[in-house]
Amino acid sequence: MPLEFETAVQRSAALLRERAGAAALPTTAVVLGSGWGGLATQVQDAVEVPYGDLPAFPPIGVGGHAGRLLIGRIGAAPVMVLCGRKHAYETGDAAAMKGVIRTLAAAGVRTLVQTNAAGSLDPALPPGEVMLIADHLNLVQRSPLVGEVGNERFVDLAEAYSAALRARAQVAAKALGRPLREGVYAWMLGPQFETPAEIRMLQRLGADAVGMSTVPETILARHAGLKVLALSLITNLGCGLADVTLSHHQTLSVAEQAGGQAVTLLCAILDALNNEVAAA
Ligand code: HPA
C-alpha cells in the first residue's frame, strides 16, 4: 500500500480515539444502508465525527447528506455508527470503502455489522422483511483487494458472515417473535436494476436477495480480521416477479415504511452481541 494511504488510516484512527476522549472506542461498528438510518437517532451520548474530518474516508454526498460517524451507545452496547457508504457503482472502484474498513480495524473494531436494502428473489420473502445474510455471490467478480500484496490477500471466505454472530442475532430476533430468514445475497454492480432474465439467473444460482453493496466491505473486513454480520431490508421483489416499477424512490419509500421495525430488531441484535462480548 502507498505510504500516504497507511498514514491516512493511522491518522483517522488516532482522530477517532481523540474524539472519544477518555472512553475506550467501541469494538462494534454498524454501517447504515437505505432504510436503516433511524438507528442513528438511537445512539446515546453520541460524539459526531464528519467523514470530512477523517482523511482515509471517502467523500459521500448521496441525497444531500454528508457522511458522518457517531461514537456512542445503543442501550448498554458501545457502538460506532457509520451513516453513509460509498458504492462501487459510483466510480467503478470496488475498494471505495477500503479506507473506512482499515480505519475501523486500526481503531480496534472487531465486529462489523452491515445493513442494506435489497430486492428479494423469493415471493415468500416479501418487502418489509429482513434477511440475515448467510453467504454471498460476488457476481461482479471484482475485488477490493486487487493491488494488495502478501499472502493475507488470499482470504478464506468459508465464513464470510460469522456463524456465531448469526446465532446470537437469531436468539435476539426470536425473542422479538421475528425469527430471521437466512439467505444468500448476490452483489450486482448497478446502478441500474436487474432485468427479468437476470433475476431468473440469480434464482437459479441460489441467491435469495440481490443488491448493490456490502460484498466489497465484507471482503475488506475479513481481510482485516473483522467478523461480519449483515442484514438486508427487503424493499421489493426482483424485477419481473411483481408488477412494480423499480426506482430509487420506490426503494426509499418502502425502506422508510419498514425501517422502524428493522431498526428495533437491529437494536436488539446489537444488545445481544454486546452481552456476548460482556460474557466472554
Ligand atoms: N436490485 C438491486 N438492488 C436493490 C434492489 C433490487 O431489486 N432493491 C433494493 N436494492
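Numbers for residues simply follow the sequence, beginning at 1. We count ligands from 1, going down the list as the structure has it; atoms in each ligand are counted the same way.
Here S34 has no heavy atoms under 4.0 Å from ligand 1, in either its backbone or its side chain. By the criterion of a heavy-atom distance under 4.0 Å, the side chain of T235, and not its backbone, is placed next to ligand 1.
The closest approach between a heavy atom of G211 and any atom of ligand 1 is below 4.0 Å. Between M212 and ligand 1 there is a heavy-atom distance shorter than 4.0 Å.
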Pair L233-S34, side-chain contact (heavy atoms from CB on, under 4.5 Å): steps then yes or no: CA-CA 8 Å; L233 174 58; S34 300; over 6 Å; no

side-chain contact (heavy atoms from CB on, under 4.5 Å) evaluation trace for R168 with I269: CA-CA 7 Å; R168 289 304 309 168; I269 289 174; over 6 Å; no

Trace of the side-chain contact (heavy atoms from CB on, under 4.5 Å) decision for D271 with L273: CA-CA 6 Å; D271 194 48; L273 298 185; over 6 Å; no

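Any N or O atom pair closer than 3.5 Å counts here, and E194 shares at least one such pair with ligand 1.
Nearest protein heavy-atom neighbour of atom 10 (N) of ligand 1: A117 O, 3.5 Å. Protein heavy atom closest to atom 5 (C) of ligand 1, with residue, atom name and distance, is G119 N, 3.4 Å. Ranking the protein heavy atoms by distance from atom 8 (N) of ligand 1 puts N236 OD1, 2.7 Å first.
Among residues two or more places apart in sequence or in another chain, the side chain to side chain donor-acceptor pair (under 3.5 Å) test is passed with D208 by R181.
Side-chain contact of Y185 with S232: a donor-acceptor pair under 3.5 Å is absent, judged by distance alone.
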Check: residues 196-204 side-chain donor-acceptor pairs under 3.5 Å, at least two apart:
from	atom 1	to	atom 2	distance (Å)
E198	OE1	T195	N	2.9
Q203	NE2	L121	O	2.8

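The residue from W187, F193, Y89 that puts a heavy atom closest to atom 6 (C) of ligand 1 is F193.
Side chains of Q114 and L231 form no contact here, defined as non-hydrogen atoms less than 4.5 Å apart.
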